[in-house]
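The next block holds one structure in the form of structure tokens; read it before the comments.
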Amino acid sequence: MAQTAFLAPTIYTPRPISNGVLLTEDDRIRAVGTRDEIEIPTNARVVQLEDGFMITPGFIDTHNHGAGGHDVMETSRESLDAVCRTLARLGTTSYYPTTLTAPTLDIRRAVEFLAGYLEEAEKRPAAMSHPLGIHMEGPYISVKRRGVHPAAHIVEPTLAAYRQFAEAARGKLRIMTVAPELKHAPDLIREMIGTGVQPSMGHTDSTFEQAEQAVELGVRQATHMFNAMRPFTHRDPGVIGKVLNDPTIKAELIADGVHVDPQAIQLLYRCKGADGIVLISDGLSAVGAPEGTYRVGGLTIEVKDGVCRHNGTLAGSILTIARAVRNMRDFVGLPLEEAIQMGTLNTAQLMGISERKGCLKPGADADLVILDQQLSVRQVYARGLPVE
Ligand SMILES: [Zn+2]
């Protein structure tokens, strides 16, 4: 049994502990506390962090389409390995590979491949990001609010078609973005909730009433808040009005400073508080890769000055959760502890995995990120293994 004791000026569990000790044993956390509280076993390897450095839980991303030059729909083990390695290097130690709207057969093939890959990843802990479940973004979305999702492949949901996707996913489908105003969306939402899949309101032109009905059916999540949603106005508050007003819903947020103005993020924070926001990347294959032209699904995406566009429309990002946390502190002025919580614990609670992920406590996976004063990622451990 390999034990390691990390001595850190600050440990965010995400609650901050000064002069902390984090003790890991193989792939799990054994203890966390102050230096006075934790006895360091004599055979433990000791890692002493520099002044100003900190340890946070590994970041979790519920919305990622790829990284390192590869897309999660490529149906190749090498490609997925490259995505998982790149994300881990950037501090995202677990994620939900997210499919885009594409021809039904292509989505089904991708979902089927991902399901097999996820089963395998569970059994072979490696120094890579841990894919926890599939997020399907499309095809059951609004044509009007589709963003760059191709209109030709957006379809009206039916239970029969949905069940074919679910079957291909073999229990690994965890999130599906759905526009609640679609004709059979209520049936779909009921089916998803009954089978442990989380519906997320997104790419939607829902009115307030339609969003409210979805919430009554059990929807608790909104996909990239503000983006690809019916705009809020004072006489037509729409889906945004529902999310802002309802504490039971967690809002995914792309905090890159481009997708949502920092003032709108402030407003979101005032409404939702520290517990109601979940930082996501909406990252594309260009994450952790050079700027230039990328193929994403059937689209050509230009990545320039840190922004991804398809024919001028914003299309995903090259953001990481670690960077989003820094942005929440630097652009929005949030306490660091709360920003970290939005990229770790909130996400784990939303997905029902907080016993294992998103917080540093005994028994949880040893997914750790070491950050310096500038909040740059210095070292990452994924299920106890150092990421190169
Ligand atoms: Zn989207």
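Counting starts at 1 for both ligands and their atoms, following the listed order. Starting from 1, each residue takes its place in the sequence as its number.
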| query | Hydrophobic clusters join Ile, Leu, Val, Met, Phe, Trp and Tyr when side-chain heavy atoms are under 4.5 Å apart, directly or via other members; which others share one with Ile141? | reply | Val143, Ile154
| task | Report the residues that fulfil ring pair (Phe, Tyr, Trp, His ring centres under 6.0 Å) with Tyr12, sequence neighbours left out, ordered by chain and then residue number. | result | none
| Between the side chains of Glu252 and His63, is a donor N or O closer than 3.5 angstrom to an acceptor N or O? | yes
| request: Kindly work out whether a path of hydrophobic side-chain contacts (I/L/V/M/F/W/Y, heavy atoms less than 4.5 Å apart) joins Val377 to Leu319. | output: no
| field | With Asp236 via side-chain contact (heavy atoms from CB on, under 4.5 Å) - residues at least two apart | value | Arg230, Thr233
| request: Mind checking how many protein N/O/S atoms fall short of 2.8 Å from the Zn ion (ligand 1)? | output: 3
| message | Using the ring centroid of each side chain, check whether Tyr162 and Tyr140 are separated by less than 6.0 Å. | response | no
